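Source: prediction; values computed, not measured. All values below come from the heavy atoms of this structure, side chains included, with hydrogens, waters and symmetry mates left out.
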Amino acid sequence: MNNEQLTAKILSFEPSAEVKEGHQYLTATVASDKVHALAKNLRGSKDTNFDYLFCLTGMDYGDSLGVIYHLESTNLKHQLVIKTVCPDKEKPVLDTLCDIWRTTEFLEREVFDLFGINFNNHPDMRRIFLEEDWVGHPLRKDYSDNNIIVK
Amino acid sequence: MAEIIQDIQEQEYIINMGPQHPSTHGVLRLVLSLRGETVLSVQPHCGYIHRGIEKMCERLTYQQIIHLTDRLDYLSAHINNHAVCMAVETALGIEIPERVKYIRTIMDELARIASHQLWWCSFGMDLGALTAFFYGLRDREPILDIFEESTGGRLIQSYYTPGGLMKDIHPDFQKRVKDYIIYFRKKIGEYDQLLSGNVIMNQRTQGIGKLTKEEAISFGVTGPSGRGSGFECDVRKHRPYGMYGKVEFKEILRSEGDAFARYMVRMDEMRESLNIIEQLIDNIPAGDFTVKMKPVIKLPEGEYYQRVEAARGEFGVFISSKGEKYPYRIKLRSPNFSNLSALHTMANGQKIADLVAIGASLDYVIPDIDR
Amino acid sequence: MEFNIYDFTSFTKWIDESLNAAMSPFWVMITEMAIIGVAILAFYALVGLFLVYAERKVCAFMQNRVGPNRVGPFGIFQTIADLLKLLMKELVYIKNADKLLFNIAPFIVITASFLAIAAIPFARGLHAIDFNIGIFYVVAVSSLGVIGILLAGWSSNSKYSLIGAMRSGAQIVSYELSVGLSLITMVVLAGSMQLSTIVEAQANGWFIFTGHVPAVIAFVIFLIASTAETNRGPFDLAEAESELTAGFHTEYSGIRFAFFFLAEYMNMFIVASIAATVFWGGWMPFHVPGWEGFNTVMDYIPPFIWYIGKTAVIIFILMLFKWTFPRLRIDQLLTLEWKYLLPINLFNVVLMAFIVLMGWHW
């Protein structure tokens with residue numbers, strides 16, 4: 001599927017999505033509560049078939065937190081980036097995609113650990129790298145640590 | 001009495017494998033619950049060497065980042081650096097010289113062979129065949145010598161830099177690599193004799209740690225581990241970079257999805273890597289080893305992603321830049337982290353000894369998991 | 001008294017007679033026991049040191065390495081240095097470990113291997129005690145070691161140790177059957193359990209040659225089963241350092257660990273001795289009936305050398321096993337014993353009995 005067809009397809013799944021062509025990947029920006037439904041459609045539909053999530057990135061945009069999903073279809077070879085932003089920075093919440101791509105189980109735990117984004121319905125929402133009693137989420141821009149080495 | 005027996009039969013025996021354990025290849029901790037010798041669940045606990053490389057990168061220039069990505073998967077240090085360099089180069093729109101592409105591809109493949117050799121060593125050792133370890137190390141040593149001669153480093157080289165290479169290759173490089181190809185073609189047969197055909201080894205690995213193609217894709221299990229399940233995930237083939245688009249090589253695929261399939265994929269990949277190097281080594285064009293770069297690189301605003309095929313799977317670098325000399329955010333997609341997430345699915349219901357074999361066939365490198 | 005390296009009978013008889021001339025029979029017995037004890041202890045230590053060194057050299061030879069080469073010429077004093085190091089190491093006590101069993105376990109293991117040496121004929125007349133049930137005795141005492149291993153695993157209060165001990169228990173009890181049955185096959189052939197009789201019976205040809213196919217089968221099974229019984233690779237599941245760190249002796253340190261270590265090598269020596277004695281004629285020189293000249297030449301080599309040489313060859317084979325093969329899994333190990341070795345072995349005993357009854361064996 002080329003980018004135009006993909007755009008049309010995404011818009012048919014989720015009319016509110018904002019799809020634009022980046023210099024590398026087609027990028028769809030969706031509201032945080034719509035991600036799960038869109039992802040499910042993209043994974044389930046035969047002609048999109050995004051079965052491989054190869055990267056999940058947590059982002060701190062300063063005033064808000066977000067997640068970027070990099071998707072690929074292993075048989076159709078097209079790629080897509082889905083971006084979403086949590087509206088509330090104090091209590092960031094997203095829906096888990098564990099039921100669609102099982103790799104997200106660990107990746108979301110990592111985002112939870114380092115950014116503090118909570119994922120609904122995640123089977124095992126615990127910190128993965130840091131200790132359970134660690135204060136703060138290190139990859140946030142406002143995180144400060146007295147012992148930081150690189151300034 | 002019957003109740004006590006039933007109680008004992010239903011109790012789980014919780015055991016900590018690691019962080020100090022011979023077969024976790026570093027400081028990984030696996031919490032196993034067992035019934036007898038059967039593994040009921042595996043809970044990986046990571047983070048013992050979490051260094052926050054992604055955070056550190058936010059305060060480092062792009063040339064400095066190279067020295068940190070080395071230390072992720074130290075066995076494919078060259079390949080990790082390749083990803084970062086290419087991400088920066090694409091962002092800047094620089095066309096790098098052909099010579100650099102050739103050298104980088106050859107170095108990548110040498111690193112892959114060295115990495116698979118070390119995997120083979122530890123695979124044998126995890127199964128209890130200690131002699132394998134020394135055979136692998138014997139053959140890895142010349143590669144490290146070749147690295148040392150050209151790059152100055154043996155394990156982590158920091159040889160690539162955005163725009164090219166740190167230094168030109170040593171004059172003897174081509175000769176030594178060609179000698180090595182001839183040498184290793186002979187020696188790899190010994191690997192098969194010692195381990196691949198061994199009855200005990202076959203029994204220990206065939207049918208163990210099954211992962212279907214669908215599961216592999218869903219878990220994002222890439223690299224030789226994914227290809228052992230039939231997942232066509234070779235970035236070199238499907239999204240060529242460097243010189244991979246111009247050389248001929250096979251993507252090694254097997255459909256069994258067990259530990260033995262993963263083993264055989266790696267064995268064949270070593271041979272395939274030799275073929276790739278052989279096609280390139282004689283044709284390295286003359287030219288500059290780097291393009292002239294500004295001392296401070298500022299990436300234009302935007303988001304960049306680069307995928308490469310590291311020795312253990314797909315390595316990705318995501319750079320988000322705000323036009324400054326530091327990246328705004330760097331995400332490193334490490335293959336081992338995704339591969340580890342499938343461990344529970346593979347090991348569930350197998351024996352402890354199988355868990356060790358599965359871990360060996362996944363070939364995890366802990367610094368890459370923890371970052 | 002004439003001292004003869006081909007026959008120690010007169011030498012030992014001379015000691016006995018001169019002691020009897022000097023003191024009462026009770027004290028003679030005490031003194032003789034002391035002499036034998038000291039001799040065996042010295043022999044034990046010597047063989048242990050040498051085997052550890054040999055293993056390291058053989059392993060280095062197989063792995064493209066040099067092996068120990070710093071302490072003394074060719075590193076021959078390396079094991080002595082190791083021993084001194086182990087002696088000086090702290091004995092770590094484990095919290096909540098069962099102190100009594102924890103301390104007793106290494107001694108049980110080492111005593112079991114100690115007991116078996118007494119019955120082994122080293123040369124003509126060089127034999128601490130010549131039971132009429134020699135083989136039975138050796139099999140019985142060598143299986144005592146498993147008690148020590150089980151105790152070590154149980155008392156360490158460590159989960160790895162416990163798994164190692166359980167594995168070891170299952171393994172040794174299973175393989176005991178194969179060891180016993182393969183030896184019984186040879187007892188059927190020899191018609192005696194007395195080790196000296198068995199050796200004498202091989203004067204005209206070792207059992208491995210005169211016993212036809214069943215003897216060869218029994219020999220192969222004995223080698224496999226005894227490797228398993230001594231907990232050596234590829235059957236070292238009880239230790240399995242890549243799975244259980246060190247299995248049953250994970251928590252042991254210093255000289256207690258050294259006891260386990262030494263016992264492993266001595267057990268290897270004992271099974272190699274038994275194999276050499278029962279299958280390869282013990283100290284009996286290699287004879288081919290009818291070749292008088294050849295047999296005379298062979299007789300010039302002292303029996304003790306024959307015995308040591310045969311044992312060394314078998315030990316070398318056991319070492320090759322260890323350094324070549326990957327380790328088996330516990331269920332595969334038990335499958336091998338119960339589904340393959342044991343039925344073959346039972347059939348083999350019947351076959352051997354048939355051959356002996358028909359009188360085809362000489």
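Of the possible donor and acceptor atoms, none in the side chain of B:Gln203 sits under 3.5 Å from a partner among the backbone N and O of C:Gln332. Of the possible polar contacts, none joining the C:Lys159 side chain to the B:Tyr13 backbone as a donor-acceptor pair under 3.5 Å is found. Formation of a donor-acceptor pair under 3.5 Å by the C:Tyr160 side chain with backbone atoms of B:Asn16 is found in this model.
Among the candidates B:Arg204, B:Met17, B:Gln20, B:Met201, the residue making the largest number of heavy-atom pairs closer than 4.5 Å to chain C is B:Arg204. Per-residue counts of heavy-atom pairs under 4.5 Å with chain B were compared for C:Arg167, C:Lys322, C:Met62, C:Gln63; the largest is that of C:Gln63.
Put simply, CZ on C:Phe325 and CG on B:Leu194 are 10.0 Å apart, with the number rounded to the nearest 0.5 Å. Distance CD1/B:Ile200 to CZ/C:Arg329: 12.0 Å, rounded to 0.5 Å.
Contact annotation: the side chain of B:Lys351 approaches that of C:Asp331 to within less than 4.5 Å [non-hydrogen atoms, C-beta and beyond]. Side-chain atoms of B:Leu137 and C:Asn64, non-hydrogen and from C-beta on, never get closer than 4.5 Å to each other. Taking 4.5 Å as the limit, every side-chain heavy atom of B:Thr131 sits out of range of all side-chain heavy atoms of C:Thr324. When side chains are defined from C-beta on, B:Ile15 counts as touching C:Ile163, because their heavy atoms get closer than 4.5 Å.
Within 6.0 Å of the OH atom in B:Tyr183, the count of heavy atoms belonging to other residues, nucleotides or ligands exceeds 12. Counting non-hydrogen atoms of neighbouring residues, nucleotides and ligands closer than 6.0 angstrom, the CH2 atom of C:Trp154 reaches no more than 12 such neighbours.
Using a 4.5 Å cut-off between heavy atoms, B:Ile208 contacts chain C through its side chain alone, with no backbone atom that close. Looking at C:Leu328, the atoms closer than 4.5 Å to chain B (heavy atoms on both sides) sit in the backbone and in the side chain alike. For a residue to count as touching a neighbouring chain, one of its non-hydrogen atoms must lie under 4.5 Å from one of that chain's; by this rule B:Leu34 touches chain C with the side chain only.
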